[in-house]
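Being a predicted model, the structure only gives us computed values, none of them experimental.
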Amino acid sequence: KWFYTGCGIQISTDTVHWKIRTVPFTNGGCCGRVTYGNSNWLVINGEYDSGAGRCTAASTDSIHWDLRTLGTNCERYLSGLAYGNSLFMAKMCNDVTVSTDTIHWALRTVGSSLVSSERHYGIAYGNGLWATVGNDHNGCFAASTDTIHWDLRTHGLLGWYIYQVSYANGYWFINGESCMSVSTDTIHWNKRECMSSPPTQCTPVVYNGDYYIYGGTNGRLAYRKNIV
């Protein structure tokens, strides 16, 4: 299924015909992020309620939803959600919280070097590795195999604001203010050609079998067929 979130939820099996779904968030608002894993859809509200906290819901069929508690009192932007290696991970403010079942959550510490901004952090999992970035001028990149021990690494986009990290078809991608850096191991990075009017506040890169694609809040969509 394809899953679209905004101020509401829609699902589709073909991207042509869509059905509206209702998630019982107590504070209304817009759905911030969604991911799927371990037979569960997990949706986190993009807005925080001082009384109800951060609303989260899980479902096995996208029709019946159960509210969840993330174990963080972050009142700022939801900035990352991913599933990998039988683990859900969510990023809000300076908190990283993980779960295997969407019910029991544990806080993780990434490191003080990544606390300079909250809104545009990204989280991704690929090839046995978790990764997160901090949105700052010369933003940091950290990687972990277990979500407990993290290593800071360079990423090839020094001098740019960092928006997103993602993994697709064997490649790691970091999207910056105007450029992209690509790696197969998160250690050795290659900077790609900058565009004069690139997507901004980028989405993760996805691969559809032919093209690598990502978009941004300015309505632009970027794609390329080959990475090498």
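Listed by chain and number, the residues in a side chain to side chain contact (heavy atoms under 4.5 Å, CB included) with D101 are S99, I103, H104 (sequence neighbours excluded). By the side-chain hydrogen bond (donor to acceptor under 3.5 Å, both in side chains) test, S144 pairs with D146, sequence neighbours left out. Listed by chain and residue number, T72, D95, T97 satisfy the side chain to side chain contact (heavy atoms under 4.5 Å, CB included) test with L107 (two or more places apart in sequence, or in another chain). Listed by chain and residue number, N127, W172 satisfy the side chain to side chain contact (heavy atoms under 4.5 Å, CB included) test with Y167 (two or more places apart in sequence, or in another chain). Among residues two or more places apart in sequence or in another chain, the ring pair (Phe, Tyr, Trp, His ring centres under 6.0 Å) test is passed with W189 by F141. Y125 meets the side-chain hydrogen bond (donor to acceptor under 3.5 Å, both in side chains) test with no other residue; sequence neighbours excluded.
Without hydrogens or angle criteria, N38 side chain to N40 main chain gives no donor-acceptor distance under 3.5 Å. Side-chain atoms of T132 do not come within 3.5 Å of backbone N or O of I123 as any donor-acceptor pair. Looking only at distances, no side-chain donor or acceptor of S59 sits under 3.5 Å from a matching main-chain atom of W41.
Annotation: side chain of I174 is not in contact with side chain of Q164 (no heavy-atom distance under 4.5 Å). N175 is listed as a side-chain neighbour of V205, based on a closest heavy-atom distance under 4.5 Å. You'll find the side chain of R21 reaches within 4.5 Å of the side chain of K19, heavy atoms only. Residues L42 and L81 have side chains in contact (heavy-atom distance under 4.5 Å, counting atoms from C-beta outward).
Under 3.5 Å, the side chains of N169 and Y212 contain a donor-acceptor pair of N or O atoms.
Residue R68 holds its CZ atom at 12.5 Å from CD1 of I44, rounded to the nearest 0.5 Å.
For the residue pair A142 and L152, the shortest heavy atom distance occurs at CB-CD2, 3.9 Å.
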